[in-house]
2 protein chains.
Amino acid sequence: MTAKRNTPQKAAVKHALGEATGFVSAQQLHQTLKKHGSTIGLATVYRTLADLALAGEADSLQSKEAEVLYRACTTSHHHHLICRECGLTLEIEAQKLEKWADEVAGEHGFASPSHNIDIFGICKACQSGK
Amino acid sequence: MTAKRNTPQKAAVKHALGEATGFVSAQQLHQTLKKHGSTIGLATVYRTLADLALAGEADSLQSKEAEVLYRACTTSHHHHLICRECGLTLEIEAQKLEKWADEVAGEHGFASPSHNIDIFGICKACQSGK
DNA sequence: GTCTTATTGACAAAGGTTCTCAATAAGACT
DNA sequence: AGTCTTATTGAGAACCTTTGTCAATAAGAC
């Protein structure tokens, strides 16, 4: 069996991802880690994030600037409400929505439906903040 | 005022985008255009597509492979049901959904809500086809 | 402690996209 | 038609994120 090993690097990435508020890029995480004294390599950050995303311990999201953003999250299926200014992220559930999406797919004869649903806006703090 | 000019290149990109079924990448469009004898530059294709997207004459979408896909579309707001196999794309409307997304944003104090909603699946043809 | 091998980190590709800039040509004005 | 201004083009370089390479390291098992 593929024996996974626990390394300080993986723990560091996990921790840094947990500390971050909202979504962060692999590059940002790498910078943060180095700033805190780590000598971790960029490739390792990418590899670890990909693993976490695969394991369902992190959510990934394509930003408009063509980079992938990650965020620590619960493993259950959910969507996001994201502030365009500060990156604040709320997890939202939507049973109705899941059902709706699957229904629409079914109506048109599509099998194995999946979906991308993310809502963006400006959060309260950023509206009043400046 | 910024005076836009009408060039054969822009017309060519528009036309090629209209001919394409489903979403295509800038690179694909560029290949297609060259295959048809055009000497258009890659940068021009990118620029034109960005303009079209801005003008609401084309829809853009981030693929999983980190490239941006474009598609000619009606200017009204809508979402997509996309086949993962062949790229067949249906435009779908969802008044309820729009309302729901805005409500969720409002409930959490978010202003200027917008959203990304795309549904993926395997279309009928691809299910039976092979 | 020793051994095996998953993992690391530095660097080098590999994409997609944007920038640069001289050359071209669209539209306006005669 | 001819001239002028300047938006636009095309070729390539530059940029950025991401993935691959590979010798060196160290985690876990014995």
Side-chain angles (χ1 to χ4, degrees), chain A residues 1-17 20 22-55 57-71 87 116, chain B residues 1-17 20 22-55 57-71 82 87 116 118:
Chain A
M1 191 191 292
T2 37
K4 292 260 167 129
R5 292 176 183 175
N6 295 324
T7 64
Q9 286 90 344
K10 280 180 191 165
V13 171
K14 249 190 204 175
H15 181 254
L17 193 62
F23 283 85
V24 281
S25 68
Q27 308 265 357
Q28 285 171 345
L29 270 183
H30 183 226
Q31 288 303 320
T32 304
L33 286 165
K34 289 191 96 171
K35 215 166 281 176
H36 286 268
S38 171
T39 63
I40 193 170
L42 178 56
T44 303
V45 176
Y46 274 101
R47 280 185 290 239
T48 306
L49 285 175
D51 285 349
L52 288 176
L54 210 65
E57 295 184 54
D59 251 355
S60 64
L61 169 73
Q62 292 274 352
S63 85
K64 293 288 176 196
E65 288 77 29
E67 59 184 357
V68 181
L69 304 180
Y70 291 92
R71 178 170 190 273
N116 284 340
Chain B
M1 194 189 290
T2 36
K4 291 260 167 128
R5 291 176 184 175
N6 296 324
T7 64
Q9 287 89 343
K10 280 180 190 164
V13 171
K14 251 190 203 174
H15 180 255
L17 193 62
F23 284 86
V24 281
S25 68
Q27 309 265 355
Q28 285 171 346
L29 271 184
H30 183 228
Q31 289 303 319
T32 303
L33 286 165
K34 290 191 94 170
K35 214 166 283 176
H36 285 268
S38 171
T39 63
I40 193 170
L42 179 56
T44 303
V45 176
Y46 274 101
R47 278 185 292 239
T48 307
L49 285 175
D51 285 350
L52 288 176
L54 210 64
E57 295 184 54
D59 251 356
S60 64
L61 168 72
Q62 291 276 349
S63 84
K64 293 289 176 193
E65 288 77 31
E67 58 183 0
V68 181
L69 304 181
Y70 291 90
R71 177 169 191 274
I82 305 161
N116 284 339
D118 290 299

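So that the names make sense, note that chain A is the first sequence line, chain B the second, and so on, each numbered from 1. These numbers come from a predicted model, not from an experiment.
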message = Under 4.0 Å from OP1 or OP2 of dG9(C): is there any side-chain N or O of Gln9(A) that close?
response = yes
Hits for side chain to side chain contact (heavy atoms under 4.5 Å, CB included) against Leu69(A), two or more places apart or cross-chain, chain-then-number order -> Phe23(A), Ser25(A), Ser63(A), Glu67(A)
Contacts of Arg47(A) meeting salt bridge (charged side-chain N to carboxylate O under 4.0 Å, His left out) (sequence neighbours excluded), chain-then-number -> none
Those residues at least two apart in sequence (or on a different chain) that pass side chain to side chain contact (heavy atoms under 4.5 Å, CB included) with Ser60(A) are Val68(A), Tyr70(A)
Applying ring pair (Phe, Tyr, Trp, His ring centres under 6.0 Å) to Tyr46(B) and not counting sequence neighbours gives none
What pairs of nitrogen or oxygen atoms, one from the protein and one from nucleotides 28-30 of chain C, lie under 3.5 Å apart?
none

Taken in chain and number order and not counting sequence neighbours, the residues that satisfy side chain to side chain donor-acceptor pair (under 3.5 Å) with Asp59(A) are His78(A), His80(A)
Any donor-acceptor pair under 3.5 Å from His30(A) side chain to Ile40(A) backbone:
yes
Protein heavy-atom contacts under 4.0 Å, written 5' to 3' over nucleotides 15-22 of chain C as B (base), S (sugar-phosphate only) or - (none), form the string -SBBBB--
By side chain to side chain contact (heavy atoms under 4.5 Å, CB included), Gln31(A) pairs with (sequence neighbours left out) none
Which atom pairs, donor and acceptor, lie under 3.5 Å between side-chain atoms of residues 6-14 of chain A and protein residues at least two apart or in another chain?
from: Thr7(A); atom 1: OG1; to: Lys10(A); atom 2: N; distance (Å): 3.3
from: Lys10(A); atom 1: NZ; to: Arg5(A); atom 2: O; distance (Å): 3.0

Rounding to the nearest 10°, end axes of the helix from dG1(C)-dC30(D) to dT30(C)-dA1(D) built from five pairs each make an angle of 40°
The contact string for nucleotides 24-30 of chain D, one letter per nucleotide 5' to 3', using protein heavy atoms under 4.0 Å with B, S and - for base, sugar-phosphate only and none, comes out as --BBS--
Side chain to side chain contact (heavy atoms under 4.5 Å, CB included) filter on Ala16(B), not counting sequence neighbours, yields Leu29(B), Leu33(B)
